[in-house]
Amino acid sequence: MPAQRFSPYLLLTLCALFWAGNWVIARGIQGLMSPVAMAFWRWLAALLILLPFVAKSMHEQWPLIRRSWKILVLLGILGVGAFNTLTYTGLKYTTATNGVLLNSVIPVLIIAINFTFLGNRIGWRQGIGVAVSLCGILAIIGRGDPGALLSLRLNPGDLWVLTAMLAWSVYTVCLRWRPAELSSRAFTGTLIVVGVLAILPLFAWDFAQGHTTTWNATTLSSVAYFAVFPSVLAYFFWNQAVARVGADRAGVFLHLMPLFGTALSIAFLGEALLAFHFAGAALIFSGIFIASRARRPG
């Protein structure tokens with residue numbers, strides 16, 4: 001395959017760039033397309049692109065898909081439907097800079113979920129890492145103003161984005177129950193179908209509320225970007241790279257997203273990088289570093 005000719009580290013860097021671009025473009029076209037419409041058209045277009053490559057696997061493994069429908073529906077709703085719709089909704093009210101920085105908290109959310117709901121033991125270093133990252137989140141959503149936290153004068157967009165991060169973290173934890181025999185193609189195709197079907201009723205309601213899309217070169221190219229780069233290509237590149245260098249090394253490259261996202265936001269959206277962004281990012285990444293350095297309990 002052509003992607004195998006390139007360095008896996010280049011592929012991972014491109015994944016981070018494509019995903020960061022997704023946040024910036026979604027913020028940039030707010031007002032031309034509703035958040036629900038962005039999620040719906042993104043995944044419908046991605047499904048149409050991928051269908052020729054996944055349909056055969058889905059058909060061959062339909063009995064397994066049918067037996068495992070409960071976990072597959074849950075994963076499709078969380079990882080495709082909820083995550084993207086909540087993310088785009090958040091970007092209607094907050095900046096892309098805030099969004100990509102808050103995206104970095106996913107690793108510590110996963111630790112917290114495993115500890116709270118699955119009873120996984122958590123070491124003192126991991127506990128400190130979670131607490132430090134939480135302080136970083138509070139610094140960003142409070143805009144560096146403790147009074148905003150105490151009076152609950154928070155940007156609703158940040159809360160929507162945090163809810164999206166929680167949905168993705170739960171999705172990641174629940175992947176442990178993915179049917180092991182299900183091929184990657186069948187799994188991906190099934191989740192996207194579930195996600196599109198989950199978004200469809202919201203899209204119909206959204207349209208009934210008069211939230212129509214302004215179709216022009218900007219919105220058409222944006223949907224094309226959503227479908228091709230952060231959906232199809234990033235998924236393909238990510239799987240290729242993880243297979244060659246391993247999940248641990250690949251995961252480190254996700255930390256490039258805030259760097260790319262912030263730079264793109266400043267360059268194309270004119271957003272400002274403020275002191276509370278630096279403070280929040282420093283705390284979040286310090287927490288991730290502390291938690292990742294901890295030995296696994298037991």
What pair of heavy atoms forms the shortest contact from [X] to [Y], and how long is it?
{"X": "Leu197", "Y": "Pro201", "result": "O-CD, 3.1 Å"}
{"X": "Gly28", "Y": "Leu269", "result": "CA-CD2, 3.8 Å"}
{"X": "Ser169", "Y": "Ile113", "result": "CB-CD1, 3.6 Å"}
{"X": "Ala26", "Y": "Leu91", "result": "CB-CD1, 3.7 Å"}
{"X": "Ala46", "Y": "Ala227", "result": "N-CB, 3.7 Å"}
{"X": "Ile29", "Y": "Ser222", "result": "CG2-OG, 3.4 Å"}

Spatial distance of atom [atom1] ([X]) from atom [atom2] ([Y]) [nearest 0.5 Å]:
{"X": "His211", "Y": "Trp205", "atom1": "NE2", "atom2": "CH2", "result": "6.5 Å"}
{"X": "Ile192", "Y": "Leu50", "atom1": "CD1", "atom2": "CG", "result": "5.0 Å"}
{"X": "Arg67", "Y": "Leu72", "atom1": "CZ", "atom2": "CG", "result": "11.0 Å"}
{"X": "Leu101", "Y": "Met257", "atom1": "CG", "atom2": "CE", "result": "10.0 Å"}
{"X": "Thr163", "Y": "Asp158", "atom1": "OG1", "atom2": "CG", "result": "10.5 Å"}
{"X": "Ser231", "Y": "Ile49", "atom1": "OG", "atom2": "CD1", "result": "8.0 Å"}

Practice task
Please report the C-alpha distance between Trp160 and Tyr93 in whole Å, then the side-chain angles of each, then the deciding distance to 0.1 Å, and finally whether the side chain to side chain contact (heavy atoms under 4.5 Å, CB included) criterion is met.
Solution key: CA-CA 9 Å; Trp160 281 110; Tyr93 305 100; 4.2 Å; yes

Exercise for the section: Please lay out, stage by stage, how Phe187 and Leu191 fare under the test side chain to side chain contact (heavy atoms under 4.5 Å, CB included). Expected result: CA-CA 6 Å; Phe187 178 70; Leu191 260 58; 3.5 Å; yes

Problem - Distance-only side-chain donor-acceptor flag, Thr219 / Asn216, under 3.5 Å - result: yes

Under 3.5 Å donor-acceptor, [X] side chain and [Y] backbone:
{"X": "Asn103", "Y": "Pro258", "value": "no"}
{"X": "Ser221", "Y": "Thr218", "value": "yes"}
{"X": "Gln61", "Y": "Glu181", "value": "yes"}
{"X": "Thr94", "Y": "Gly90", "value": "no"}
{"X": "Trp19", "Y": "Pro230", "value": "yes"}
{"X": "Gln240", "Y": "Leu11", "value": "no"}

Exercise for the section: Evaluate the side chain to side chain contact (heavy atoms under 4.5 Å, CB included) criterion for residues Leu12 and Phe237: first the C-alpha distance (whole Å), next the side-chain angles of each, then the deciding distance (0.1 Å), finally the verdict. Expected result: CA-CA 7 Å; Leu12 291 168; Phe237 288 174; over 6 Å; no

Practice task
From the options Trp23, Phe18, Tyr88, select the one residue that forms a ring-ring contact (aromatic ring centres under 6.0 Å, His included) with Phe226.
Solution key: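 The residue from Trp23, Phe18, Tyr88 that satisfies ring-ring contact (aromatic ring centres under 6.0 Å, His included) with Phe226 turns out to be Tyr88.
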
Practice task
Flag the pair Met33 / Val223 as yes when at least one side-chain heavy-atom distance between them is below 4.5 Å, and no otherwise.
Solution key: yes

Handout entry: Note, Thr13 side chain near Leu17 side chain (heavy atom, < 4.5 Å)
Key = no

Transitive ILVMFWY side-chain link [X] to [Y], under 4.5 Å:
{"X": "Val73", "Y": "Met58", "value": "no"}
{"X": "Leu109", "Y": "Leu102", "value": "yes"}
{"X": "Val36", "Y": "Val194", "value": "no"}
{"X": "Trp177", "Y": "Phe83", "value": "yes"}
{"X": "Leu166", "Y": "Trp168", "value": "yes"}

Exercise for the section: For residues Tyr235 and Trp238, establish whether the separation of their ring centroids is below 6.0 Å. Expected result: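 Centroid distance Tyr235-Trp238: not below 6.0 Å, so no.
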
Handout entry: Phe40-Phe207 aromatic ring centre distance below 6.0 Å
Key = no

Practice task
Tell me, yes or no, whether the heavy-atom count around Trp69 atom CH2, taken from other residues, nucleotides or ligands under 6.0 Å, exceeds 12.
Solution key: no

Exercise for the section: Any chance you could lay out the side chain to side chain contact (heavy atoms under 4.5 Å, CB included) test for Leu74 and Cys174, step after step, and finish with the verdict? Expected result: CA-CA 9 Å; Leu74 177 64; Cys174 289; 4.1 Å; yes

Exercise for the section: If the plane angle is over 60° it's perpendicular, under 30° parallel, otherwise tilted; pick one for Trp41 and Trp215. Expected result: perpendicular

Practice task
For the pair Phe229 and Tyr225, name the ring-plane relationship: parallel under 30°, tilted 30 to 60°, perpendicular over 60°.
Solution key: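 If you compare the ring of Phe229 with that of Tyr225, the planes turn out parallel.
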
Handout entry: Thr262, Thr97, Asn98, Thr95 screened by side-chain hydrogen bond (donor to acceptor under 3.5 Å, both in side chains) with His277, the one that passes
Key = Asn98

